[in-house]
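This report concerns only the one structure given below.
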Number of protein chains: 2
Amino acid sequence: MALNPSRQRDAIMDFLSCRKDHPTAEVIYDNVKKVYPKISLGTVYRNLTLLADNGVIRRLRTRDSKDHFDADLSPHYHFMCNGCGCITDIFLDHAKELEAAAAKLTPGMITGHEVFFYGTCPSCMKAKNEA
Amino acid sequence: MALNPSRQRDAIMDFLSCRKDHPTAEVIYDNVKKVYPKISLGTVYRNLTLLADNGVIRRLRTRDSKDHFDADLSPHYHFMCNGCGCITDIFLDHAKELEAAAAKLTPGMITGHEVFFYGTCPSCMKAKNEA
DNA sequence: AAATAAAACAGTAATCATTACTGATTTAGA
DNA sequence: TCTAAATCAGTAATGATTACTGTTTTATTT
């Protein structure tokens, strides 16, 4: 199951690398379609899964019911707005401390962790204040 | 939309309170059915959503595609095994520090956060070693 | 206690993100 | 050039969850 080259996969990867908002499969599909009008949604899903399984991208499972994808593999956390659902990066260097502290409390082996902060983004706060 | 008393909802709540493994709606359904054989899956989902929206229980969205539910509202984190999918609690008191540190890096307002540790649980480690 | 309105129910149908399947096309390696 | 594997577009199927329907239960008012 080696990865053969694929224009479609490259286009997905290119698009995802340019975005910092961690789009969903559907958003990626809509955008890659501008370059490859015949690409199918199934191809997008298949390639995203392929890339995630090979550790090339990260799959983010959030409070909304859709998966989001992130091409930035550097260790970092995320903030999701409860209002509009937008996601932004948060670079905290607590990773090692957290895992070490958690490891002491668990008989299992910890290999990674995810942190999601929730709240209200600036533009939703503004909208609230004006209402 | 006040909450009227309901035997079914109480039974769901009772069951969930007794469990520390954060069961899915389906597992809750299977178990509450032993007490109320006529309860429907829709009732379980509706009540879980009702309870979560009223802040009585927590909804956990994990790497597996099913929602899990937690009746313990005290601030704590979770560990999920990549092998069997089991979930256990991890009580770390890093909550305030983490949110304070994150707040400095975000223009938005942070109101809460979730931490999920991933890895291998003891019984899956044992199974691996024996294979 | 009888009447009325709201909440909840069981059962079932619908939704929606995601995955699997199809037969055709492309690519890698002999 | 030939063969097997990988990929594709298009479409059907899956599976968790939600919405709908007509009925029953509960709270409230008379």
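A note on names: the letters A, B, ... follow the listed sequences, proteins ahead of strands, and every chain is numbered from 1.
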Subject >> Same apolar cluster (I L V M F W Y, side chains within < 4.5 Å links), B:Tyr118/A:Phe116 >> reply: no

Original post:
Between atom CG in B:Asp10 and atom P in D:dT26, what is the gap in whole Å?
Top reply: 11 Å

**OP:** To the nearest Å, give me how far apart OH (B:Tyr29) and P (C:dC9) are.
**Re:** 14 Å

Original post:
Among side-chain atoms of B:Asn129 and B:Lys126, is any donor-acceptor pair under 3.5 angstrom?
Top reply: no

**OP:** Can you tell me the distance, in whole Å, between the CD atom of A:Gln8 and the C1' atom of D:dG10?
**Re:** 14 Å

Original post:
Whole Å only: how far is the CG atom of B:Leu50 from the P atom of D:dT17?
Top reply: 16 Å

Original post:
Going 5' to 3' along nucleotides 11-30 of chain C, which nucleotides have protein heavy atoms under 4.0 Å from the base (write B), which only from the sugar-phosphate (write S), and which from neither (write -)?
Top reply: B-----SBB-------SS--

Original post:
Roughly, in whole Å, what's the span from CZ in B:Arg9 to P in C:dA10?
Top reply: 12 Å

Original post:
Under the salt bridge (Lys or Arg N to Asp or Glu O under 4.0 Å) test, which residues partner A:Asp21, sequence neighbours left out?
Top reply: A:Arg19

Subject >> Distance test, side-chain N/O of B:Ser6 to OP1/OP2 of D:dT26, below 4.0 Å >> reply: no

Original post:
Does the pair A:His94 and B:His94 meet the rule for a ring-ring contact (aromatic ring centres under 6.0 Å, His included), with working shown?
Top reply: CA-CA 10 Å; A:His94 288 56; B:His94 289 57; 8.0 Å; no

**OP:** State whether a side-chain donor-acceptor pair under 3.5 Å links B:Thr49 with B:Arg59.
**Re:** yes

Subject >> Value in whole Å for how far the C1' atom of D:dT25 lies from OH of B:Tyr36 >> reply: 13 Å

**OP:** Apply side-chain contact (heavy atoms from CB on, under 4.5 Å) to the pair A:Thr24 and A:Asp64, showing each step before the final yes or no.
**Re:** CA-CA 11 Å; A:Thr24 62; A:Asp64 79 16; 5.5 Å; no

